[in-house]
Asks: 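The structure is given below, and queries will be raised subsequently.
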Amino acid sequence: MLSKKTKYAIKALMVLGRNYGKDPMQIGKIAEEERIPKKFLEQILLEMRNAGILYSKKGAGGGYSLNKAPEDIYLSQVMRLIDGPIALLPCVSLNFYRSCEECVEEHACGIRDTFVEVRNAMLQILNDTSISNLINKEKELNLETGN
């Protein structure tokens, strides 16, 4: 399940993506726009700034902005940064691999084999979906519903 922290990170990135190329946004405005607790958002934005996804400016006119274009920030990158492994089992994780304690023969495990397929399908979508894609999808959905 997607953690609330990751969902908030994605929502904040979408706000900043819609604001891309403009002045930095203050945390309070992002928090208000997306109904995210400000203190929690501060931690998330700092983590993304430290990872190079965001740029921050202090002082008057300060705030946060994307450090790269919204089409260059992918969901897989954000999810790994905030929550760590994307795979549902540690033995199928590409970046956070750990063998399962109860597994005797990993190469012959039907559960593992199935969840490798799940991981691959999920990663295909997450690696191909950028913040820009989400912003565009939201625009399309709003047009469909008349908002």
Asks: May I ask whether L2 and L89 are part of the same hydrophobic cluster, defined by side-chain heavy atoms of I, L, V, M, F, W, Y residues being less than 4.5 angstrom apart, directly or through others?
Replies: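 Looking at the clustering, L89 is in a separate group from L2.
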Asks: Can you sort out the partners of A69 under side-chain contact (heavy atoms from CB on, under 4.5 Å), two or more places apart, ordered by chain and number?
Replies: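 side-chain contact (heavy atoms from CB on, under 4.5 Å) list for A69, sorted by chain: Y20, E71, D72.
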Asks: Are Y74 and V78 connected, step by step, through hydrophobic side chains (Ile, Leu, Val, Met, Phe, Trp, Tyr) whose heavy atoms are closer than 4.5 Å?
Replies: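 Different clusters: Y74 never reaches V78 through Ile, Leu, Val, Met, Phe, Trp or Tyr contacts under 4.5 Å.
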Asks: Salt bridge (Lys or Arg N to Asp or Glu O under 4.0 Å) with K22: which residues, sequence neighbours excluded?
Replies: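 Scan of K22 (salt bridge (Lys or Arg N to Asp or Glu O under 4.0 Å), adjacent residues dropped) gives none.
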Asks: When hydrophobic residues are tied together by side-chain contacts of less than 4.5 Å, even through go-betweens, does L81 share a cluster with L94?
Replies: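 Both belong to a single hydrophobic cluster.
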Asks: Test of understanding: with salt bridge (Lys or Arg N to Asp or Glu O under 4.0 Å), list the residues that count as partners of K4, not counting sequence neighbours.
Replies: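 Per chain and number, K4 pairs via salt bridge (Lys or Arg N to Asp or Glu O under 4.0 Å) with no residue.
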Asks: Only pairs under 3.5 Å count here: list side-chain donor-acceptor contacts from residues 115-136, not counting sequence neighbours, and write none if there are none.
Replies:
{"unit_1": "R119", "atom_1": "NH1", "unit_2": "V92", "atom_2": "O", "d": "2.4"}
{"unit_1": "N120", "atom_1": "ND2", "unit_2": "V116", "atom_2": "O", "d": "3.4"}
{"unit_1": "Q124", "atom_1": "NE2", "unit_2": "D128", "atom_2": "OD2", "d": "2.7"}
{"unit_1": "N127", "atom_1": "OD1", "unit_2": "S76", "atom_2": "OG", "d": "2.6"}
{"unit_1": "N127", "atom_1": "ND2", "unit_2": "L123", "atom_2": "O", "d": "3.2"}
{"unit_1": "T129", "atom_1": "OG1", "unit_2": "I125", "atom_2": "O", "d": "2.7"}
{"unit_1": "S130", "atom_1": "OG", "unit_2": "S132", "atom_2": "N", "d": "3.3"}
{"unit_1": "S130", "atom_1": "OG", "unit_2": "N133", "atom_2": "N", "d": "3.1"}
{"unit_1": "S130", "atom_1": "OG", "unit_2": "N133", "atom_2": "OD1", "d": "3.0"}
{"unit_1": "N133", "atom_1": "OD1", "unit_2": "S130", "atom_2": "N", "d": "2.7"}
{"unit_1": "N136", "atom_1": "ND2", "unit_2": "S132", "atom_2": "O", "d": "3.3"}

Asks: Closer than 3.5 angstrom, by distance alone: can the side chain of N67 be matched with the main-chain N or O of Y55 as a donor-acceptor pair?
Replies: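 No, because the side chain of N67 does not come within donor-acceptor range (under 3.5 Å) of the backbone of Y55.
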Asks: Provide the full list of side-chain hydrogen bond (donor to acceptor under 3.5 Å, both in side chains) pairs with a residue in residues 77-100, sequence neighbours left out, each pair given once.
Replies: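 Sorted result for residues 77-100: S3-D83, T6-D83, Y97-E106.
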Asks: For residues 24-48, tabulate all N or O donor-acceptor pairs below 3.5 Å that involve a side-chain atom, not counting sequence neighbours.
Replies:
{"unit_1": "E34", "atom_1": "OE1", "unit_2": "K11", "atom_2": "NZ", "d": "3.0"}
{"unit_1": "E34", "atom_1": "OE2", "unit_2": "R18", "atom_2": "NH2", "d": "3.4"}
{"unit_1": "E47", "atom_1": "OE1", "unit_2": "K5", "atom_2": "NZ", "d": "2.9"}

Asks: side-chain contact (heavy atoms from CB on, under 4.5 Å) with E101: which residues, sequence neighbours excluded?
Replies: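 Checked E101 against side-chain contact (heavy atoms from CB on, under 4.5 Å); zero matches.
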Asks: Output side-chain donor-acceptor pairs under 3.5 Å for residues 58-66, partner residues at least two apart or in another chain, one line each.
Replies:
none

Asks: M1: which other cluster members, linking ILVMFWY side chains closer than 4.5 Å, directly or transitively?
Replies: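 Noted: M1 shares its cluster with no other residue.
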Asks: When clusters are formed from ILVMFWY side-chain contacts under 4.5 Å, directly or step by step, what else is grouped with F96?
Replies: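 None, because no other hydrophobic side chain comes under 4.5 Å of this residue.
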